[in-house]
Amino acid sequence: MSTLTFQGAVKEVTGSRYLLEVDGNGRPRKLLLECGLHQGGVDADRANEAPFGKLVGELEAVVLSHGHLDHSGLLPKLVREGYRGPIHCTRGTRDLLEIMLQDAAFVMAKDIEWENKWRKRNAKPLLEPLYEIDDVEQTLSQCVSHPYGQPVHLPGGVTLVFRDAGHILGSAIVELTIPSGGQQKRLVFSGDLGNPSSVLMKEPEKVFDADLVLMESTYGDRDHRPLEETIEEFASVLEEAHADGGNVLIPAFAVGRTQEILYHLSVLYHQGRLRQQLVFLDSPMAIKVTELYHRARKALDPEDLKVLNKASSGDTAQYLPVLRMTRTVEESMAINRIRGGAIIIAGAGMCNGGRIVHHFRYNLEASATRLVIVGFQAGGTIGRQIVDGAERIRVLGQDLAVKARVHTIGGFSAHAGQSQLIGWAGAFRNHPRFFLVHGEPETQKVLQAALAESDIEAQIPGYGDRIEL
């Protein structure tokens with residue numbers, strides 16, 4: 001029998017990894033589904049540092065649902081340790097990986113350099129990065145991209161098909177047809193399912209046949225607010241910030257969320273509702289991703305693009321004329337001279353580093369500042385501390401009082417909410433086995449109960465659990 005072992009994103013949101021051992025005529029063939037980075041705190045760091053061991057020499061293929069680092073961020077480490085097989089993904093994912101993994105290696109190098117200065121002074125052993133830029137280049141050379149809907153033959157008689165997950169550029173639902181015990185079993189992994197209300201992405205595809213389904217559950221305990229209400233709340237926050245003379249800080253998730261926020265700012269601008277005349281995109285990675293989205297706009301939702309094209313008379317340079325992309329450190333530092341009237345979108349999305357924490361130093365202790373949280377904040381992150389009501393935080397070796405007004409606007413989420421997850425799960429025929437992944441434990445229990453009310457039984461696996469297909 002073929003088996004699946006849960007190696008990450010179980011009872012947690014990050015660190016996606018599942019080991020597939022295919023019944024291959026006496027010799028199991030090993031495939032890895034996802035190779036994600038754990039995010040948030042010391043435990044995550046330890047999990048990321050753990051070696052892959054003998055698995056590196058046994059793996060024959062890696063399959064990736066999309067480019068977010070919690071799904072892909074350990075690929076260069078796997079390659080650094082010796083993996084030389086193919087990494088199967090969509091073209092959009094391959095293009096995003098080039099940006100995201102290079103950025104991850106760069107940030108890691110800077111963090112290690114900073115930490116090792118302290119360690120040298122204190123005669124502590126020096127740290128090594130998980131991987132370097134050369135490992136990223138090798139990883140990219142091993143990527144093999146495929147369009148949605150095209151069957152791909154993998155080792156052990158496995159067939160792969162990608163379906164559009166509607167989450168970010170290139171995101172996919174993964175369908176694997178796997179020989180097991182003399183039968184063909186179909187495993188479907190949702191990846192991250194998109195929010196149909198979100199702009200720019202198409203709706204997630206429904207899948208109807210499976211024997212086993214791994215389904216994400218990030219927002220399994222609630223539905224998002226309707227998009228119209230969300231946009232009105234966002235516009236209201238911007239208006240209040242302008243009236244109070246403060247800046248607006250938006251921690252940027254470089255892929256997907258940033259582009260969506262820019263879209264809504266563009267619409268508000270053309271409606272005459274954006275009072276701020278300075279909008280900064282202060283994230284080199286988010287800038288590169290935004291430019292990639294622009295080049296790949298044929299893959300985006302044509303109805304959403306039609307709105308912008310109509311407003312700007314077809315001139316893409318006029319989508320948001322007040323936008324300034326700050327690529328250099330000097331340009332970023334210059335923003336801190338602006339005491340009010342600006343919108344600053346800066347990485348990182350969970351406030352664990354990047355340029356946003358530098359902007360915190362100059363803005364977070366001002367009551368006129370608005371901090372707008374537009375994405376999920378994992379446990380252990382600075383963003384989560386703020387959302388949970390922390391009155392003080394520590395960044396860059398400095399204690400800061402959180403005097404800014406904090407607004408959590410969940411309706412911009414690129415993840416499906418509870419009702420959408422249940423609707424997607426309900427499309428399957430013949431009651432496949434469901435396993436909930438990518439969610440915090442309490443959230444998963446709520447979704448499990450809600451699914452049961454729709455006559456869908458779902459299990460919540462633990463780390464290391466192994467099941468037969």
Side-chain angles (χ1 to χ4, degrees), residues 225 229-253 257-258 260-283 286-287 318-351 354-375 377 382-383 385-396 398-412:
R225 288 179 67 189
E229 290 181 18
T230 300
I231 295 168
E232 287 306 310
E233 181 185 3
F234 185 47
S236 175
V237 170
L238 299 181
E239 178 68 34
E240 288 174 14
H242 183 268
D244 286 353
N247 289 325
V248 179
L249 302 184
I250 305 178
F253 290 84
R257 195 65 43 82
T258 291
E260 184 175 7
I261 293 299
L262 290 174
Y263 177 94
H264 292 302
L265 289 174
S266 298
V267 172
L268 290 172
Y269 173 86
H270 286 287
Q271 290 174 345
R273 301 179 64 193
L274 186 65
R275 301 285 297 281
Q276 286 86 354
Q277 292 301 301
L278 289 169
V279 177
F280 294 99
L281 180 52
D282 189 30
S283 162
I287 291 168
Q318 295 301 309
Y319 278 1
L320 185 56
V322 295
L323 177 63
R324 302 290 179 267
M325 296 192 180
T326 52
R327 300 172 196 270
T328 69
V329 172
E330 291 75 20
E331 289 173 323
S332 177
M333 292 171 66
I335 298 171
N336 291 319
R337 294 197 289 269
I338 300 170
R339 294 301 178 201
I343 297 170
I344 305 164
I345 306 167
M350 296 187 191
C351 312
R355 293 181 178 181
I356 191 68
V357 295
H358 291 276
H359 295 304
F360 279 179
R361 291 175 64 188
Y362 292 89
N363 292 276
L364 204 60
E365 295 190 311
S367 59
T369 298
R370 299 297 190 274
L371 174 59
V372 182
I373 303 291
V374 294
Q377 306 295 308
I382 292 172
Q385 292 173 34
I386 293 172
V387 168
D388 287 346
E391 294 183 0
R392 303 190 72 85
I393 60 167
R394 187 169 182 81
V395 295
L396 302 171
Q398 183 177 353
D399 283 317
L400 296 175
V402 182
K403 294 182 180 177
R405 289 188 61 181
V406 179
H407 302 267
T408 301
I409 304 183
F412 286 132

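Residue numbers run from 1 in the order of the sequence given. Nothing here was measured: the structure is a model prediction, and the numbers come from that model.
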Within the structure provided, determine whether K403 and L364 are in side-chain contact (heavy-atom separation under 4.5 Å). no
How far does CG of L274 sit from CG of L320, to the nearest 0.5 angstrom? 7.0 Å
Could you pull out the closest heavy-atom pair between G411 and T230, with the gap in Å? CA-OG1, 3.3 Å
Side-chain (Q377) to main-chain (G375) donor-acceptor, under 3.5 angstrom: yes
Give a yes or no on whether a salt bridge exists between D399 and R394, defined as a side-chain N under 4.0 angstrom from a carboxylate O. yes
Using side-chain heavy atoms (C-beta onward) and a distance below 4.5 Å, is I393 in contact with V395? yes
Grab the two heavy atoms, one from S367 and one from R405, that are nearest each other, plus how far apart they are. O-CG, 4.3 Å
Which atom of Y269 lies closest to which atom of V322, heavy atoms considered: CE1-CG1, 3.9 Å
Given ring-ring contact (aromatic ring centres under 6.0 Å, His included), test Y319 with H270 step by step and report yes or no. CA-CA 8 Å; Y319 278 1; H270 286 287; 7.9 Å; no
Check whether the side chains of N336 and H358 place a donor and an acceptor atom closer than 3.5 Å, and report yes or no. no
Checking the side chain of E391 only, and the main-chain atoms of A401 only, is there a donor and an acceptor separated by less than 3.5 Å? no
In short, I409 meets F234 closest at the heavy-atom pair CD1-CA, 3.9 Å
Return yes if some donor-acceptor pair links the side-chain N/O of S236 with the main-chain N/O of E232 below 3.5 Å, else return no. no
So does D244 pair up with R370, basic N to acidic O under 4.0 Å? yes
Between R327 and R355, which heavy-atom pair has the shortest distance, and what is it? O-NH2, 2.9 Å
Tell me whether Q271 at atom CD has more than 12 heavy atoms from other residues, nucleotides or ligands lying less than 6.0 Å away. yes
Using a distance-only test with no angle check, is there a side-chain donor-acceptor pair under 3.5 angstrom linking E331 and T328? yes
Taking side chain as C-beta onward, heavy atoms only, is R361 less than 4.5 Å from L396? yes
Search all heavy atoms of G349 against all heavy atoms of P251 and return the closest pair with its distance. O-CB, 3.5 Å
Any side-chain to backbone donor/acceptor pair from T326 onto L281? Under 3.5 Å, distance only. yes
Would you tabulate the side-chain donor-acceptor contacts of residues 339-346 under 3.5 Å, counting partners in other chains and residues two or more places apart, or write 'none'?
none

Distance-only donor-acceptor check, side chains T369 and N247, under 3.5 Å: no
So, Q385 side chain and A390 main chain: donor-acceptor pair closer than 3.5 Å or not? no
